[in-house]
Amino acid sequence: VEEFYILFASLIISVLLLLELDIPSQKNESLIAELTPHEHECALLTAEGNSNKEIAILMSIQEVTVKKYLSSIYKKLSLKNRVELTLFLK
């Protein structure tokens with residue numbers, strides 16, 4: 001099921017990029033600067049299309065910690081999900 005969501009999110013991202021849609025004016029460097037180094041790394045790995053499990057392995061942390069980082073990232077950047085995060089960082 002998780003793999004389906006990852007595939008689906010990747011498909012949506014691809015379609016949005018093909019249509020050249022973007023989240024208006026949210027690419028704010030000051031917001032990104034609010035992220036901790038671990039949150040920033042987690043955000044970048046998420047935007048690359050890695051699953052929570054893959055991120056946990058790459059960062060040598062627990063998957064639950066990845067979920068906590070993502071929740072914090074979404075809150076700090078006023079985003080709702082992985083797709084918005086990916087578009088925000090592009």
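Once rounded to the nearest 0.5 Å, the distance linking NE2 of H40 with CG of L44 reads 4.5 Å. Of the inter-residue distances, the one linking E39 atom CD with K76 atom NZ reads 3.5 Å to the nearest 0.5 angstrom. The NZ atom of K75 lies 13.5 Å from the CD1 atom of I73; values are rounded to the nearest 0.5 Å. Atom OG in S72 sits 11.5 Å away from atom NZ in K68 (nearest 0.5 Å). Between the CD1 atom in I55 and the OG1 atom in T65 there is a gap of 12.0 Å [rounded to 0.5 Å]. Here OH of Y69 is found 5.5 Å from CE of M59. Values are rounded to the nearest 0.5 Å.
Smallest separation of non-hydrogen atoms from L35 and A43: CD1-CB, 4.5 Å. The two atoms that bring G49 and I6 nearest to each other are O-CG2, 4.1 Å, heavy atoms only. Closest heavy-atom contact between L70 and T46: CD2-OG1, 3.4 Å. Looking at every heavy atom in both residues, F88 comes nearest to I32 through CE2-CG1, 3.4 Å. The two atoms that bring L79 and L85 nearest to each other are CD1-CA, 3.6 Å, heavy atoms only.
At distances below 3.5 Å, at least one donor-acceptor pair connects side-chain atoms of E84 with backbone N or O atoms of K80. Using a distance-only test at 3.5 Å, with no hydrogens or angles considered, a donor-acceptor pair links the side chain of E54 to the main chain of S51.
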**OP:** Take R82 and N50, measure what side-chain hydrogen bond (donor to acceptor under 3.5 Å, both in side chains) needs, and give me the verdict at the end.
**Re:** CA-CA 10 Å; R82 299 172 96 86; N50 293 293; over 6 Å; no
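Residue L87 is grouped with residue F8 when hydrophobic side chains (ILVMFWY) are merged at heavy-atom distances under 4.5 angstrom, including chains of intermediate members.
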